[in-house]
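One structure is given here, and the rest of the page talks about it.
Residue numbers begin at 1 in each chain, while the letters A, B, ... track the order of the sequences. Side chains included, hydrogens not; waters and symmetry mates left out as well; all remaining heavy atoms used.
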Protein chains: 2
Amino acid sequence: MTVPRLNTALAGPPADLERELLASTATIEHWLRSKWQDHAAPFYCSVDLRNSGVKLAPVDTNLFPGGFNNMNPDFHPLCVQAAMTAIEKICPDARGAVLIPENHTRNQFYLQNVAVLQTILRHAGLDVRVGSLLRDITAPTEIKLANGARLTLEPLERRDNRLMVDGFDPCVVLLNNDLSAGTPEILMNLEQAVLPPLHAGWTVRRKSNHFQAYREVAEEFAQALEIDPWLINPYFERCGRINFQDRKGEECLEGYVAEILEDVREKYREYGIKEQPFVIIKADAGTYGMGIMTVKDPSEVRDLNRNQRKKMAVVKEGLEVHEVMVQEGVYTFESMDDAAAEPVVYMIDHFVVGGFHRVHTERGKDQNLNAPGMQFKPLAFAAPCSSPNPDDPDCPPNRFYAYGVVARLALLAAAIELEVSLEDESPSRET
Amino acid sequence: MTVPRLNTALAGPPADLERELLASTATIEHWLRSKWQDHAAPFYCSVDLRNSGVKLAPVDTNLFPGGFNNMNPDFHPLCVQAAMTAIEKICPDARGAVLIPENHTRNQFYLQNVAVLQTILRHAGLDVRVGSLLRDITAPTEIKLANGARLTLEPLERRDNRLMVDGFDPCVVLLNNDLSAGTPEILMNLEQAVLPPLHAGWTVRRKSNHFQAYREVAEEFAQALEIDPWLINPYFERCGRINFQDRKGEECLEGYVAEILEDVREKYREYGIKEQPFVIIKADAGTYGMGIMTVKDPSEVRDLNRNQRKKMAVVKEGLEVHEVMVQEGVYTFESMDDAAAEPVVYMIDHFVVGGFHRVHTERGKDQNLNAPGMQFKPLAFAAPCSSPNPDDPDCPPNRFYAYGVVARLALLAAAIELEVSLEDESPSRET
């Protein structure tokens, strides 16, 4: 099998970890296979990875992926096939779905993502209508997209405990909206399945729960492969009672920052890494790269200026930040055209279906790249993650295979996280 | 979604049937989805189709596909993903398989097919060893293939009721050998699953049973779509007691040839088709395009010369022909570089994973193309069969979608055929 186009963001020979993963393909796939017997993969998922060469770890796991428009169109059939498997599980007997997008009607890229998603699901054999939560969508509204595609937003209707659009009664409600603004009443206590479930939204979900589950997954996986779990798992801690504006709870932050930096320093010594350790402080709920900062010394947390406090205090949809996660930062040693890059892997059901590189020219290798000014390089994944060739260590799919493995570990963690949070709390069951 | 490379063998606007299938995608996928709940798809399958423009029908369904080497390498990830699904069903808890190929150790193309298949299964997470039925393989034998790949054939061992190679104990035995030479004793009464099952081999299998099942599938499908079942279903009859050498049973042949030609003539009148109807006479068991002839008049069957009789009397591995199928011939109106062409669709589990065109420069549009001198054009399926766009009738995946639908109907017929023949007769249960 030859690889038609090579376009990887990390040059040079593969790291030890990649070699290890490649040599263990059968063990890995077998291990994952047995896990998917016990845990149901989320409907879809994207995972942001950081690859320092030595370490390859997830730093964000998104259960409402919004970048299907950035994927290589050649991977479309792979998405369709995976979606077929997902649909067989969700509603084998039915054929209709309502897709609920975010409320960004002016973001062309996001709307293209919705259109691509709708096409994937249609090709997989679902009638898909797009139902909007926006109050000003009171009649079917066609939006022409810059790439020539069209998208029709329709108003959602509630009839007793069923959600519909224009009399169309779907068997499943698919969310591409992360519920940062809270769980809308119209979605509560529905008879239809809602996927991902409401408790996957940011009103309930916490990153620290995800990384708690990921820690356990990574440790078990590392044991099966006899590798150091740190190579795939970033250290983290959680501070539950922060008020940035009132300067409350900062001693918790400072303490954990110091602790994690010390632990990482130890590991860097062990692996002969010369870089300076850093941690990322981010909101425990919420997304979009707001409320994220890079810290290299505990004192930085003490001396936040007014602007930094303001930035950390609020994320998307005005959600206030009181819970914070302190996570070991992973340098990205991937770059494209001299800009820092990180891989984003897309999955549908338990299959890797593609990905792209997030690239940011204005950000350093120790910073969050999910920020205004970022770009996407959909061609980066010239080869999918399922075709490694251990006999040829320079074969680019090898690196992509490693991405796909770590991304699926994060996916498994998300599956377990959702099982746990379903037991703890579910807004659809509260009322 | 753009299609990067266009390479279809049938030019011109899409036929009514294609338009019909495209407009009914959601209904079709829903219909198929419900069928796969009741019937287990064979492990893999290839279907030869004939496309006359008006009519699109399967003419041969192969349960031991031998042309994975002819597929577009871009479709490799699709094969891997489908194989993952198949493996999850077969042996979720295990990781080893033995693949048993045909005994053609000198056919480079066939050996490349085995190597590609092994790679697909490895990438899906199986340890795959190739176990040969050949007596002269007494030790592991590495064969270097013309394309640079390597294949190691190993001798099969039987320990009690388990099949192994060199102490390697697989959870499943995968057959890529159609058992034309009979069912070898070493494969009988195994504890391990054998896939496809032994009764899928040509010692038990009959084309007429397949087309009997296909007729019922096609009729139900046609009813669901409100189309004429003839558009996807060739007429056929079966003669069970022929002896070509001794000129016995010919009156059965002659009668059915006349009958089918008359029925087809009627249909041609109905659809305004100006061509002359023809039938194909072929062995009811066996493969490789031997024992196949084109007949346009019942008298031709009476006047067979010595050479024709000899050709019809024996197929692969010296299997004698006493059972014969008479099947409506479907003109192929597809051509590449002025040579007659027919599409071959490949499936793993219930997913279409690719295909190619079989092309023959020496054969006419009313002849069997599966004959010495045939070539394969793997680039033909530039786009896979799962991405049609009903808004753009000239989009080439539209035609490929139609191929994928009819191929999956044949796959469903094969699933039903194997259920029925398992009840009737199973060599692994006889002894």
Side-chain angles (χ1 to χ4, degrees), chain A residues 1-4 25-34 36-37 73-85 87-88 91-96 116 119-128 147 149-150 348-354 383-391 397 400-401, chain B residues 1-4 25-34 36-37 73-85 87-88 91-96 116 119-128 147-150 348-354 383-391 397 401:
Chain A
M1 292 293 111
T2 56
V3 177
T25 308
T27 307
I28 292 169
E29 298 300 330
H30 173 249
W31 190 88
L32 284 168
R33 208 146 58 221
S34 72
W36 298 128
Q37 288 188 270
D74 286 354
F75 291 178
H76 181 73
L78 215 50
C79 295
V80 172
Q81 201 185 78
M84 282 176 157
T85 300
I87 292 163
E88 282 168 12
C91 44
D93 293 324
R95 66 183 89 178
V116 170
T119 304
I120 290 169
L121 295 168
R122 279 186 175 163
H123 289 167
L126 274 189
D127 278 331
V128 183
N147 64 355
R150 282 152 203 269
I348 296 178
D349 201 277
H350 61 302
F351 299 107
V352 173
V353 294
C385 300
S386 50
S387 311
N389 179 2
D391 300 335
F400 304 134
Y401 179 70
Chain B
M1 291 292 111
T2 56
V3 177
T25 307
T27 307
I28 291 169
E29 297 302 329
H30 173 249
W31 189 89
L32 284 168
R33 209 147 56 222
S34 71
W36 297 128
Q37 288 187 271
D74 286 354
F75 291 178
H76 181 72
L78 216 50
C79 295
V80 172
Q81 201 185 77
M84 281 177 160
T85 300
I87 293 164
E88 282 168 12
C91 45
D93 293 325
R95 66 184 89 177
V116 170
T119 304
I120 290 169
L121 296 169
R122 279 186 175 164
H123 288 167
L126 273 189
D127 278 331
V128 183
N147 65 356
R150 283 150 202 270
I348 296 178
D349 200 278
H350 61 301
F351 299 107
V352 173
V353 294
C385 300
S386 50
S387 310
N389 179 2
D391 300 334
Y401 179 70

Between [atom1] on residue [X] and [atom2] on residue [Y], distance to nearest 0.5 Å:
{"X": "B:Glu29", "Y": "A:His123", "atom1": "CD", "atom2": "NE2", "value": "10.0 Å"}
{"X": "A:Leu126", "Y": "B:Thr25", "atom1": "CG", "atom2": "OG1", "value": "12.0 Å"}
{"X": "A:Leu78", "Y": "B:Gln81", "atom1": "CG", "atom2": "CD", "value": "4.5 Å"}

Discussion item. Applying salt bridge (Lys or Arg N to Asp or Glu O under 4.0 Å), can you list everything that pairs with B:Glu88, at least two apart in sequence or on another chain?
Written reply: none
Discussion item. If you count heavy-atom pairs within less than 4.5 Å of chain B, which of A:His30, A:Gln37, A:His350 leads?
Written reply: A:His30
Worksheet entry | Residue, of B:Cys91, B:Ser34, B:Ala82, that accumulates the most heavy atom pairs under 4.5 Å with chain A | B:Ala82
Worksheet entry | Trace of the side chain to side chain contact (heavy atoms under 4.5 Å, CB included) decision for A:Arg33 with B:Met84 | CA-CA 9 Å; A:Arg33 208 146 58 221; B:Met84 281 177 160; over 6 Å; no
Worksheet item: Which atoms of B:Ala149 come close to chain A, meaning under 4.5 Å heavy atom to heavy atom: side chain ones, backbone ones, both, or neither?
Response: neither
